[in-house]
Amino acid sequence: MGGLTMPRSRLFLSGVAAVVLLAGIRISFAAPRAPVYLGVLEGPQVEATAPNPPVSSGLHVRVLFRRDGSRWKPMEGAFGTPAALGGTNRLAPQSVAWTVFFRGKAIGDVRSRNPGVVRWYSDVGAQIITTPEVNIPVIRSGARDFPAPGAVARRRPLLLVSAPQERNRQPWRPTVLTPAQAATAAAALRTWVHSSERCRTPEQEPVRRVPYGNDRIHVLRAYRDRNGQVLLGERLEDPRANCAFFDDPNFVDYWFVMDRRGSIRYLGRRMTPVDVANVDPGGRPAWLFLTSRGEDENGYRLFYDDFRKVASFHWIDH
């Protein structure tokens, strides 16, 4: 009886197991794929106050969404107490390298870092830019469409994505609605805004409801892609309406998407389009909107997967 021997079949199986184990080890040591973030490059949003001015009082980045598989999930943005607010950035990335987009095209790069403890509600999601200011893209055209609470908008927000994007195969371009599309859009607005209004004294009831014609409907903007899909915003503009109630839903902008067959779908109100970029895993474009809810609540909405899905991020400036 010599030393212990092992059958060849067991030796073979042991060898296979060792290879599998080693392969598993090699896989486990592979570098994890970096998370993909979507954000926005913003100008000053609030006034600077001493001794610790908000990050959002200067040029900054705001991290909005993180991609999770085929979905975009909003970063945490609701914190009810100062203590909870202070720990906000524990959930945010420490640094991000961004590609800057304007009108669906990459126009530059910026880097940002986590500022640490958050002291101001307006700084939810905000990060400090580490790129020299001379290298940061600036677009002033259209800045007046993005008024900043407590500050004068001198530059428009720009869409940021932290991963390379495929070329947009279905670019969106400004367009003019056909008469049939204009009629469809007017009918869609009337499902939300049934009438105009008159008051004997501004900001006081009673309110007298009056009909309005299609000539009072103003198309704010319209965009069309190569497949004939149309994104459009419209608003009732009646110079004789004198009630002037704050945040009156009858006189804010409403946004819709219309397919090439004329079917129209409501997206939301009190929104302003920021930009479009190919941020879906399949290379499909998604639209980012700036939103406003009342006097102090602001945020962004991302429409993706051909407008079938939406993600929302918001914060309160107090």
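Keep in mind that what you see is a predicted model, and the values were worked out from it rather than measured. Nothing fancy with the numbering, it's 1 onward along the sequence.
Between Ser195 and Arg209, the side chains place no donor N or O within less than 3.5 Å of an acceptor N or O (distance only, hydrogens not considered).
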What pairs of donor and acceptor atoms, side-chain ones from residues 105-115 against any protein atom, are under 3.5 angstrom apart with sequence neighbours left out?
residue : atom : partner : partner atom : Å
Ser112  : OG   : Trp98   : NE1          : 2.9
Ser112  : OG   : Gln127  : OE1          : 2.7
Asn114  : OD1  : Asn89   : ND2          : 3.2
Asn114  : OD1  : Gly116  : N            : 2.8
Asn114  : ND2  : Asn89   : O            : 2.9
Asn114  : ND2  : Pro93   : O            : 3.4

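Here the side chains of Met271 and Phe303 are in contact, with some heavy-atom distance below 4.5 Å.
Here the CZ-CD distance, from Arg216 to Glu237, works out to 10.0 Å after rounding to the nearest 0.5 Å. The CZ atom of Phe251 sits 6.0 Å away from atom CG of Asp238, with the distance rounded to the nearest 0.5 Å.
Under the 6.0 Å cut-off for aromatic ring centres, Tyr121 and Trp315 do not qualify, their centroids lying 6.0 Å or more apart.
In this structure, Phe289 and Trp287 have tilted ring planes: the angle between them lies in the 30° to 60° band. Between Trp172 and Phe307, the ring planes lie perpendicular to each other; the angle is over 60°, past the 30° to 60° tilted range.
Sorted by first and then second residue, the pairs that involve residues 184-219 and meet disulfide (SG to SG under 2.5 Å), not counting sequence neighbours, are Cys199-Cys243.
Although no hydrogens or angles enter the test, the distance criterion places no donor-acceptor pair under 3.5 Å between the side chain of Arg62 and the main chain of Asp123. Asp225 contributes no side-chain N or O that, together with a main-chain N or O of Pro171, makes up a donor-acceptor pair within less than 3.5 Å.
In this structure Arg308 satisfies the salt bridge (Lys or Arg N to Asp or Glu O under 4.0 Å) test together with Asp305, Asp306, sequence neighbours excluded.
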